[in-house]
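Since this is a predicted model, take the numbers as computed values, not measurements.
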Amino acid sequence: MDDSDLFQLLRVDLFTAVIGDTMDKMGLQNQFLPPYLAPLSDKMVVAGRAMTVLEADFFSAVDTGSANPISAKPFGLMLEALDSLQPGEVYICTGSSPNYALWGGLMSIRAMQLGAAGSVLDGYVRDTREILELGYPIMARGRYAQDQAPRGKVIDFQVPIRIGGVHVNPGDIIFGDIDGVLVIPKAVESEVIRLSLEKVRGESAVRKALEKGMSTVDAFEKFGVM
């Protein structure tokens, strides 16, 4: 199964709750990103590979007197990070204070042109109406129009990051829906997906049994799923 088929399977057949339960049983019990990260609209689903982005607070849009050349670049490396997106990748960003928007409408247009699968932002989004009209899937802290230009810059990308204690490496699978966002480590993705599909089939059998009147005690004893 190539990545496009895999991500389609995630979007259609699976959901974060069942994948989270599966990873819990595998001993991977810290894979959900913080619960404040939510979709801009309830129907949005993000499924793709992490293109990690590290943001930091700055206190001027351009500072030519700094020892760090990034200080002289508006937005730092944000434009380069955005242009590096590959089809099926998720722009996932963290590192700054939550005092400004990390994403906007023009960035969404560029990401869509590149075939990106969505964005996960440990911060805020602006141009919300435009993004909703575009249908570009985003998980974020919320909506806030204050611009990052004089307040923050991207300082690196395609590097390991951490959000809420969860490690994210470039190439890990990022999956988010109405119930949250989680990280599937690349090294175990095949097993996680296989076991999650088995759990979905088991839950379907339990659902049918409950609809026919079986008690939860008997259903759990028979199927081992609840």
Side-chain angles (χ1 to χ4, degrees), residues 1-16 19 23 31-33 37-55 75-95 101-123 125-128 130-140 148 154-163 166-178 180-194 196-197:
M1 180 178 297
D2 64 20
D3 273 0
S4 61
D5 291 333
L6 174 60
F7 301 147
Q8 180 66 8
L9 182 149
L10 285 169
R11 286 189 289 265
V12 174
D13 294 335
L14 294 175
F15 45 97
T16 54
I19 293 177
M23 289 196 288
Q31 298 305 123
F32 266 100
L33 301 185
L37 296 180
L40 284 188
S41 73
D42 290 349
K43 293 183 179 180
M44 285 183 173
V45 175
V46 169
R49 294 203 179 274
M51 199 289 284
T52 55
V53 179
L54 186 61
E55 179 101 6
F75 304 108
L77 299 175
M78 187 192 78
L79 304 181
E80 290 84 349
L82 182 59
D83 281 344
S84 79
L85 278 167
Q86 300 296 309
E89 285 189 335
V90 175
Y91 184 106
I92 178 167
C93 181
T94 191
L102 298 175
W103 192 269
L106 297 178
M107 295 178 73
S108 299
I109 292 171
R110 178 58 175 155
M112 292 178 73
Q113 287 294 317
L114 294 171
S119 297
V120 175
L121 308 161
D122 191 11
V125 173
R126 67 185 206 162
D127 306 323
T128 304
E130 180 181 2
I131 294 170
L132 291 173
E133 289 175 1
L134 290 169
Y136 181 73
I138 291 180
M139 310 281 164
Q148 70 174 304
V154 170
I155 60 172
D156 210 347
F157 58 98
Q158 290 291 33
V159 294
I161 60 174
R162 185 168 61 186
I163 301 178
V166 182
H167 292 276
V168 186
N169 291 303
D172 287 345
I173 291 178
I174 307 299
F175 184 47
D177 60 20
I178 192 173
V181 188
L182 50 73
V183 180
I184 306 173
K186 189 173 183 179
V188 295
E189 64 184 42
S190 295
E191 185 178 6
V192 169
I193 301 302
R194 178 179 62 82
S196 296
L197 289 169

Beyond-backbone contact of L9 with L197, side-chain heavy atoms, under 4.5 angstrom: yes
V181 side chain reached by I163 side chain, heavy atoms, under 4.5 Å: no
T52 vs D156, side-chain contact (heavy atoms from CB on, under 4.5 Å): CA-CA, chis, key distance, verdict: CA-CA 9 Å; T52 55; D156 210 347; over 6 Å; no
CD-CD distance between Q158 and E80, expressed to the nearest 0.5 angstrom: 13.5 Å
Taking every non-hydrogen atom, the tightest pair across L106 and E130: N-OE2, 4.4 Å
Worked check of side-chain contact (heavy atoms from CB on, under 4.5 Å) between F32 and T16: CA-CA 9 Å; F32 266 100; T16 54; 4.0 Å; yes
Residue pair L33 / M139, side-chain heavy-atom distance below 4.5 Å: no
Separation of L14 CG from I184 CD1 (nearest 0.5 Å): 8.0 Å
Closest non-hydrogen atom pair between A81 and V154, with its separation: CB-CG1, 4.5 Å
Distance in Å, M78 CE paired with Q148 CD, rounded so as to fall on 0.5 Å steps: 5.0 Å
Atom pair CD1/CG of I92 and L54 - distance to nearest 0.5 Å: 12.0 Å
Approximate separation, where rounding is to 0.5 Å, of L114 CG and D83 CG: 6.5 Å
Enclosure of R194 CZ (heavy-atom neighbours >12, cutoff 6.0 Å): yes
Atom of P137, atom of M44 and distance for their closest heavy-atom approach: CA-SD, 3.7 Å
D127 side chain near W103 side chain, heavy-atom distance below 4.5 Å: no
Side chains of V45 and F15 in contact at under 4.5 Å (non-hydrogen atoms): no
Pairwise side-chain contact, M107 with R110, heavy-atom cut-off 4.5 Å (strictly under): no
Heavy-atom donor-acceptor pair, Q31 side chain to V183 backbone, under 3.5 Å: yes
S119 versus V46, closest heavy-atom pair with distance: O-CG2, 4.3 Å
Side chain to side chain, Q86 and R49, heavy atoms closer than 4.5 Å: no
Approximate separation, where rounding is to 0.5 Å, of C93 SG and I161 CD1: 7.5 Å
I138 vs S108, side-chain contact (heavy atoms from CB on, under 4.5 Å): CA-CA, chis, key distance, verdict: CA-CA 9 Å; I138 291 180; S108 299; 4.2 Å; yes
From CA spacing to verdict: side-chain contact (heavy atoms from CB on, under 4.5 Å), M23, V188: CA-CA 10 Å; M23 289 196 288; V188 295; 5.7 Å; no
V90 side chain reached by M51 side chain, heavy atoms, under 4.5 Å: no
Polar contact flag, side-chain donor to acceptor under 3.5 angstrom, Q8-R11: yes
Nearest heavy atoms of P185 and D172, plus distance in Å: CA-OD1, 3.6 Å
Shortest non-hydrogen contact between A50 and I174, atoms and distance: CB-CG1, 3.8 Å
